[in-house]
Visitor: 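Have a look at this one.
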Amino acid sequence: MKTSNNISDKPEKDDFGLDFIRKIIVEDIRTNKNEGRVHTRFPPEPNGWMHIGHAMAIYLSYSVAQEYNGLFNLRFDDTDPSKESMDYVEAIKEDVQWLGAEWEDRLYFASDYFEKLYEFAVALIKAGKAFICDLSVEEIREQRGTLTEPGVNSPYRNRSAEENFDFFTRMREGEFEDGSKVLRAKIDMTSPNLLMRDPIMYRIKRVSHYRTGTEWIIYPSYDFTHGESDAIEGITHSLCSLEFETHRPLYDWFIDELLALGTLKHKPRQIEFSRLNVTYTITSKRRLLELVKGEYVSGWDDPRMPTIAGMRKRGFPASAIRTFLGRVGVTKREKNIDVGLLEACVRDELDKEANRVLAVLNPLRVVITNYPEDQVEHLEIPNHPKDESRGTRKVPFSRVLYIEQEDFMEDPPKKFYRLTPGREVRLRNAYFITCTDVKKDESGKILEVHCTYDPNTRGGSSPDGRKVKATIHWLSRDHALKAEIRLYDRLFNREDPLGLLDYNSDSLKSIIGYVEPSLKEAKPATHYQFERVGYFFADPEEFTKKKLVINRTITLRDTWARIKKQLPQPKKKKQKIKK
RNA sequence: AGCCCCAUAGUGUAGUGGUUAGCACCUCAGGCUCUGAAUCUGAAGACUCCAGUUCGAAUCUGGAUGGGGCUGCCA
């Protein structure tokens with residue numbers, strides 16, 4: 001760290017392309033502010049689940065610290081005991097860790113600073129900067145004024161420092177009722193910023209705190225805790241979302257006063273960035289709670305939820321979330337990111353990571369009529385077509401197979417080039433087969449399809465160089481394993497969902513599908529690509545050898561589905577053409 | 001209504017007085033392919049407006065317009 005500081009010969013434009021926060025940091029380092037240190041923090045309140053928006057805050061603060069050789073703290077902002085719990089602390093730690101943000105030994109709690117905060121408050125009281133106010137909640141609200149009218153001074157505003165100190169001591173000792181007195185900062189009741197109108201610093205709350213128990217009955221407010229905690233920890237850049245912008249003058253006021261009194265020695269800088277909104281998702285705690293309470297989802301970690309726990313269970317890799325966040329960037333504009341971008345990042349990552357296997361979601365029986373009745377072959381199939389080092393596995397092949405229902409059409413449209421009567425296609429990594437016959441029941445429902453195979457195409461290529469237009473996936477019927485497959489889709493069917501009203505009732509379809517035998521050896525929490533179908537994830541908790549529970553993370557990009565949509569509608573029923 | 005913040009393709013972002021205004025996702029067309037995947041090539045697509053400063057403005061200044069935030073003893 002003790003490098004020579006030749007500030008002058010630093011190239012000026014090395015901050016090109018950086019976001020505005022990193023520019024500030026680069027400049028601060030250049031001018032040796034905070035002795036060139038960078039120290040950030042993520043300050044969740046342990047009263048709820050972390051979601052994609054929090055992920056952005058975590059990732060930003062952490063990666064900024066990383067990039068500039070700084071430190072990153074995890075600090076729980078636990079000043080409202082009525083809603084907080086240790087369970088949330090543990091869940092949040094897991095989420096933060098999973099995302100890849102490391103706090104090392106710097107795990108802190110604002111509640112550890114209660115004594116210090118109390119002393120800070122006393123210092124402010126003694127300096128005449130804070131007073132005990134006996135007004136009720138309603139009276140304080142009335143006297144605060146409105147957006148356009150100034151507030152009026154509390155009648156208790158001019159109590160002497162001694163009296164204030166005495167009251168504050170007795171507040172702590174439990175002499176007064178909850179709500180009967182508060183400690184307020186003495187700032188300016190006419191400020192156009194409502195937060196500066198003598199804001200509350202301490203309130204009496206006889207609620208047991210999940211960490212400090214009944215030790216305290218007075219608790220500091222967010223505004224009087226957050227900045228002070230930052231200062232105590234030596235935070236240099238306190239990054240938060242835009243809604244705290246109007247709090248900044250107050251953040252600064254407390255610290256400046258404490259600095260002037262010599263109580264504090266360090267001043268962090270709060271910088272606000274716009275929060276992340278994603279299409280087809282909601283992050284409002286209240287709205288999400290409705291889904292949980294109404295059992296529209298299985299819980300806060302339901303794979304459809306935008307929570308970090310939900311995305312984890314869904315099978316979104318942390319690295320995909322990180323690249324997503326990186327692509328989104330940091331600004332102060334309101335953003336509404338296309339969920340497609342997140343999905344693209346997930347596919348991108350999984351294409352590299354996931355081994356390929358064969359699975360059939362909706363089976364259609366295929367009989368290879370020229371294949372010997374009792375024969376079983378074990379075909380060697382690569383685990384990843386782009387990565388030989390991942391090796392191969394054996395997949396059984398026999399006379400009776402399953403293929404995907406939608407890979408066969410008796411009377412196909414022009415652009416359909418999968419299996420159809422008379423046509424030859426390839427079974428992935430197996431054989432060329434030609435459809436010879438279609439068996440139906442009396443009602444016309446297709447029961448099975450008869451095909452012949454070409455023994456010379458073993459492995460999937462023909463010696464005569466003959467081409468087929470399509471390759472489809474398959475499974476040997478007698479060897480296929482049943483699996484509970486949960487097909488997840490977007491939780492809402494509206495780009496800008498309001499809540500329950502836009503709930504997508506098709507967002508989960510649980511089906512029994514078939515997978516190749518190798519899946520029996522799968523470990524929970526591993527990613528697979530079901531070839532031609534999508535990316536799937538062995539459920540971290542529920543997947544066992546006996547019961548294969550598999551979540552669909554995301555479908556493959558499906559060009560055929562789009563072509564199909566553009567095709568003239570088959571005239572089964574009269575359909576009203578929308579447009 | 002008062003104060004504060006924001007404004008570049010559909011979306012997100014780069015651009016810091018001279019650029020054919022760059023990139024990513026999306027969209028469309030095509031190539032390649034044992035995944036209609038991946039990949040490759042190409043196309044379409046933007047500086048909110050009005051004044052001012054300047055030889056020259058997306059960029060600086062002023063105003064307008066549009067969007068967002070703020071009236072918890074929540075964070």
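Every chain is numbered from 1, with letters handed out A, B, ... down the list of sequences.
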Visitor: Quick one: label A/Q529 by what it contacts on the DNA or RNA (base, sugar-phosphate, nothing), any heavy atom closer than 4.0 Å.
Guide: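 Here A/Q529 touches the bases of the nucleic acid.
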Visitor: With a 4.0 Å cut-off on heavy atoms, is A/Y219 in touch with a base, just the backbone sugar-phosphate, or nothing at all?
Guide: nothing
Visitor: Round to a whole Å and report the spacing from CZ of A/R428 to P of B/rA38.
Guide: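 In whole Å, B/rA38 P lies 14 Å from A/R428 CZ.
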Visitor: Which part of the nucleic acid, if any, lies within reach of A/G329 when heavy atoms closer than 4.0 Å are counted: base, sugar-phosphate only, or nothing?
Guide: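 No contact.
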Visitor: Please give, in whole Å, the distance from B/rC3 C1' to A/R197 CZ?
Guide: 10 Å
Visitor: So, A/D19 and A/K332, do they make that salt bridge, N to O below 4.0 Å?
Guide: no
Visitor: Looking for any heavy atom pair under 4.0 Å, which part of the strands does A/Y417 touch: base, sugar-phosphate only, or nothing?
Guide: base
Visitor: Hey, does A/P385 reach any base, or is it just sugar-phosphate, or nothing, if we go heavy atoms under 4.0 Å?
Guide: base
Visitor: Is a donor-acceptor contact shorter than 3.5 angstrom present between the side chain of A/H384 and the base of B/rA38?
Guide: no
Visitor: Mind checking if A/L242 touches a base, just sugar-phosphate, or nothing, with heavy atoms under 4.0 Å?
Guide: nothing
Visitor: Take the angle between the ring planes of A/F536 and A/F530 and call it parallel below 30°, perpendicular above 60°, tilted in between.
Guide: parallel
Visitor: In terms of the angle between their ring planes, are A/Y222 and A/F244 parallel, tilted or perpendicular, with boundaries placed at 30° and 60°?
Guide: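 Ring orientation, 0 to 90° scale: tilted.
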Visitor: Indicate, with a heavy-atom threshold strictly under 4.0 Å, whether A/K469 touches base, sugar-phosphate, or nothing.
Guide: nothing
Visitor: To the nearest angstrom, how far is A/K335 atom NZ from B/rA7 atom C1'?
Guide: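 Checked: the NZ to C1' distance equals 13 Å.
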Visitor: Select base, sugar-phosphate, or nothing to describe what A/F416 touches, counting heavy atoms under 4.0 Å on all strands.
Guide: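 Counting heavy atoms under 4.0 Å across all strands, the contact made by A/F416 includes a base.
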Visitor: Provide, to the nearest angstrom, the distance between the CZ atom belonging to A/R22 and the P atom belonging to B/rA14.
Guide: 11 Å
Visitor: Report the residue from A/L183, A/L117, A/I200, A/D80 that forms a side chain to side chain contact (heavy atoms under 4.5 Å, CB included) with A/P220.
Guide: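 Option passing the side chain to side chain contact (heavy atoms under 4.5 Å, CB included) with A/P220: A/L117.
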Visitor: For nucleotides B/rA44 and B/rA24, find the distance between their P atoms and express it as a whole number of Å.
Guide: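 Roughly 15 Å separates the two P atoms.
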Visitor: Can a side chain N or O of A/R347 be found less than 4.0 Å away from OP1 or OP2 on B/rA38?
Guide: no
Visitor: Just to be sure I understand the rule, does A/S82 reach a base, reach only the sugar-phosphate, or reach nothing, if contact means heavy atoms closer than 4.0 Å?
Guide: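 If one applies the 4.0 Å heavy-atom cut-off, A/S82 turns out to touch nothing in the nucleic acid.
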Visitor: Would you measure the distance from the P atom in B/rC26 across to the matching atom in B/rA21 and give it in whole Å?
Guide: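 Taking atom P in both B/rC26 and B/rA21, they lie 25 Å apart.
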Visitor: Taking atom C1' in both B/rA51 and B/rA43, compute the distance separating them and give it to the nearest angstrom.
Guide: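 It works out to 38 Å between them.
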Visitor: Say we look at B/rA29 and B/rG66: how far apart would their P atoms be, to the nearest angstrom?
Guide: 39 Å
Visitor: So A/L135, base contact, sugar-phosphate only, or nothing? Heavy-atom distance under 4.0 Å.
Guide: base
Visitor: What's the gap between B/rG12 and B/rG62 when it is taken at their C1' atoms, as a whole Å value?
Guide: 30 Å
Visitor: So, are A/R157 and A/D198 salt-bridged, with charged N and O less than 4.0 Å apart?
Guide: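 Looking at A/R157 and A/D198, the cut-off is met.
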Visitor: What integer distance in Å separates A/R356:CZ from B/rA37:C1'?
Guide: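 Interatomic distance, CZ of A/R356 to C1' of B/rA37: 8 Å.
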Visitor: Give one of base, sugar-phosphate or nothing for A/R144, where a contact means two heavy atoms less than 4.0 Å apart.
Guide: sugar-phosphate
Visitor: Would you mind classifying the nucleic acid contact of A/Q143 as base, sugar-phosphate or nothing, using non-hydrogen atoms under 4.0 angstrom?
Guide: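 Answer is nothing: A/Q143 stays at 4.0 Å or more from every strand.
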Visitor: Is the ring centre of A/F168 less than 6.0 Å from the ring centre of A/Y118?
Guide: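 Yes; A/Y118 has its ring centre under 6.0 Å from that of A/F168.
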Visitor: Can a donor-acceptor pair under 3.5 Å be found between the side-chain atoms of A/R418 and the base atoms of B/rG36?
Guide: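 Present.
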Visitor: Would you mind telling me which of B/rG12, B/rC3, B/rA75 lies closest to the side-chain atoms of A/E45?
Guide: B/rA75
Visitor: Starting at atom OH of A/Y222, determine the distance to atom P of B/rC70, rounded to an integer number of angstrom.
Guide: 14 Å
Visitor: Starting at CG of A/D178 and ending at C1' of B/rC74, how long is that distance when rounded to a whole Å?
Guide: 16 Å
